[in-house]
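A quick write-up on the structure given underneath.
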Amino acid sequence: MLTYEDVEKIIPETKGVKNAAISFGCIAFASNEEQPKGLFIQTGQDEDLQAAISNGAVAAVWPSEKELPFYTPNHFPVFLAQEGPLSAVLQILENYSRKMGIEKTDNKTRVILPESDGSAVPDDFIETTRQLIHSGENCVDGNGVR
């Protein structure tokens, strides 16, 4: 499973609580998606952190140049991506893919990809992410479960 430490290796600048015991059940790109134990990725127009938290997010990746909402809980970890959340997420997924290839575990983090039309996430990013998810022998199904 993707952990706080895995993400912190790629995005060391954080706000909120630092908790190495956190693991992520999924990665979500839309705040309105059900995301149990989710890592919410802020991607442009979708800044509704409250909705992401209400839908199960336990941490977020946020652009470092963008101000966090005033209501962000102090106990909620936020990773501040210097080069943008999408670039950071690709690095996280690459590292996670290697980790899963080594560990061979049943506890896997699901990636909830946004619909390509109408999303703030570029289509080429979605396609690259799909290729990352489905590469390797440890891809369980077509829904991004590793």
Side-chain angles (χ1 to χ4, degrees), residues 1-114 119-140 143-146:
M1 206 172 237
L2 184 68
T3 66
Y4 179 97
E5 289 177 327
D6 294 331
V7 177
E8 190 179 38
K9 286 177 188 173
I10 305 299
I11 311 171
E13 186 180 349
T14 62
K15 289 204 179 226
V17 70
K18 296 177 189 279
N19 186 345
I22 294 174
S23 59
F24 303 107
C26 66
I27 297 172
F29 295 87
S31 62
N32 62 349
E33 291 278 352
E34 278 295 316
Q35 44 194 291
K37 293 182 70 177
L39 177 62
F40 171 63
I41 313 301
Q42 196 284 326
T43 56
Q45 299 132 347
D46 191 351
E47 297 179 0
D48 196 348
L49 185 58
Q50 187 61 47
I53 293 169
S54 295
N55 282 311
V58 295
V61 174
W62 204 263
S64 61
E65 74 279 355
K66 193 172 267 193
E67 191 171 331
L68 282 168
F70 70 91
Y71 55 78
T72 305
N74 289 333
H75 65 278
F76 186 82
V78 179
F79 299 93
L80 301 171
Q82 295 288 329
E83 296 180 27
L86 296 180
S87 174
V89 169
L90 282 179
Q91 292 176 51
I92 290 166
L93 290 174
E94 286 171 358
N95 283 349
Y96 179 65
S97 182
R98 281 193 294 274
K99 174 183 172 181
M100 290 287 78
I102 294 168
E103 289 185 2
K104 301 291 184 199
T105 180
D106 290 334
N107 296 325
K108 297 173 172 61
T109 299
R110 193 168 57 110
V111 177
I112 304 169
L113 290 170
S119 170
V121 180
D123 288 344
D124 60 335
F125 173 83
I126 293 171
E127 186 54 36
T128 301
T129 303
R130 276 198 177 102
Q131 289 172 1
L132 255 175
I133 290 169
H134 298 292
S135 68
E137 60 194 52
N138 57 348
C139 185
V140 175
N143 295 319
V145 177
R146 285 188 132 329

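If you're wondering where the values come from, they're calculated on a predicted model, not measured in any experiment.
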Counting heavy atoms not belonging to [X], are there more than 12 under 6.0 Å from its [atom1]?
X: Glu65; atom1: CD; answer: yes
X: Glu5; atom1: CD; answer: no
X: Glu83; atom1: CD; answer: no

> Which heavy atom in Phe40 sits nearest to a heavy atom in Ser31, and how many Å separate them?
Replying inline: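 Heavy-atom minimum between the residues: CE1-N, 3.4 Å.
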Does any non-hydrogen side-chain atom of [Y] lie less than 4.5 Å from one of [X]?
X: Leu49; Y: Thr72; result: yes
X: Asp46; Y: Phe29; result: no
X: Leu93; Y: Ile27; result: yes
X: Thr43; Y: Leu86; result: yes
X: Lys15; Y: Leu80; result: yes
X: Val7; Y: Thr14; result: no

> Angle class for the Tyr4/Phe79 ring planes (parallel below 30°, perpendicular above 60°, tilted otherwise)?
Replying inline: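 Rings of Tyr4 and Phe79: tilted, 30 to 60°.
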> With Lys66, which residues qualify under salt bridge (Lys or Arg N to Asp or Glu O under 4.0 Å), at least two apart?
Replying inline: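 Expected list: Glu47.
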Please report the interatomic distance [atom1]([X]) to [atom2]([Y]), rounded to the nearest 0.5 Å.
X: Arg110; Y: Met1; atom1: CZ; atom2: CE; answer: 10.5 Å
X: Thr109; Y: Tyr96; atom1: OG1; atom2: OH; answer: 3.5 Å
X: Ile10; Y: Gln82; atom1: CD1; atom2: CD; answer: 14.0 Å
X: Gln35; Y: Cys26; atom1: CD; atom2: SG; answer: 5.5 Å
X: Asn55; Y: Ile112; atom1: CG; atom2: CD1; answer: 9.5 Å
X: Ile22; Y: Phe76; atom1: CD1; atom2: CZ; answer: 9.0 Å

